[in-house]
Amino acid sequence: MGNDGTPLHDLVMTALRAAGEPVREAALFERVRARGADATPERFIDAMEHLGSEGHVHVAFDHDTPGSDPDPFQPRLWRVVE
């Protein structure tokens, strides 16, 4: 799937591709858990940072949309890099 093949990474990439648009971090975590991931928020964020460092996903900060993201999530929008 274009990553290191861990189940969590595969679920993240599948959820992002299904969305077809950038997804806010906390919402993406919920989507990935709904797909069967058994990950803590911290492990999820680590996976996202790994995928980003490998060039599979891109992150942008959403400073325009009001909302409060539960800890440890931040107002980040993630999208697949094709």
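Heads up: numbering here begins at 1 and tracks the sequence. Hydrogens, waters and symmetry mates play no part in the numbers below; they use all other heavy atoms, side chains included.
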Minimum heavy-atom distance [X]-[Y], with the two atoms named:
| X | Y | result |
| --- | --- | --- |
| Val12 | Met48 | CG1-SD, 3.4 Å |
| Ala47 | Leu8 | CB-CD2, 3.6 Å |
| Phe73 | Pro41 | CZ-CB, 3.7 Å |
| Gly36 | Leu11 | C-CD1, 4.1 Å |

Could you tell me whether the side chain of [Y] reaches within less than 4.5 Å of the side chain of [X], counting heavy atoms only?
| X | Y | result |
| --- | --- | --- |
| Leu51 | Met13 | yes |
| Arg79 | Leu16 | no |
| Phe61 | Leu77 | no |
| Pro75 | Thr65 | no |

Problem set entry | Distance (rounded to the nearest 0.5 Å) between Thr14 OG1 and His9 NE2 |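 Rounded to the nearest 0.5 Å, the OG1-NE2 separation comes out at 12.5 Å.
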
Problem set entry | Pairs meeting criterion side chain to side chain donor-acceptor pair (under 3.5 Å) with involvement of residues 28-48, two or more places apart |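 Applying side chain to side chain donor-acceptor pair (under 3.5 Å) to every pair that reaches into residues 28-48, excluding sequence neighbours, yields nothing.
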
Which atom pairs, one a donor and one an acceptor, fall under 3.5 Å between side chains of residues 18-28 and the rest of the protein, sequence neighbours left out?
| unit_1 | atom_1 | unit_2 | atom_2 | d |
| --- | --- | --- | --- | --- |
| Arg24 | NE | Asp69 | OD1 | 2.9 |
| Arg24 | NE | Asp69 | OD2 | 3.4 |
| Arg24 | NH1 | Asp62 | OD2 | 2.8 |
| Arg24 | NH2 | Asp69 | OD2 | 2.7 |
| Glu25 | OE1 | Gln74 | N | 2.9 |
| Glu25 | OE1 | Arg76 | NE | 3.4 |
| Glu25 | OE1 | Arg76 | NH2 | 3.0 |
| Glu25 | OE2 | Arg76 | NE | 2.7 |
| Glu25 | OE2 | Arg76 | NH2 | 3.0 |
| Glu25 | OE2 | Trp78 | NE1 | 3.1 |

Exercise. Taking only residues at least two apart or on different chains, which pairs with a member in residues 48-61 satisfy salt bridge (charged side-chain N to carboxylate O under 4.0 Å, His left out)?
Worked result: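 Passing the test, one end in residues 48-61: no pairs.
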
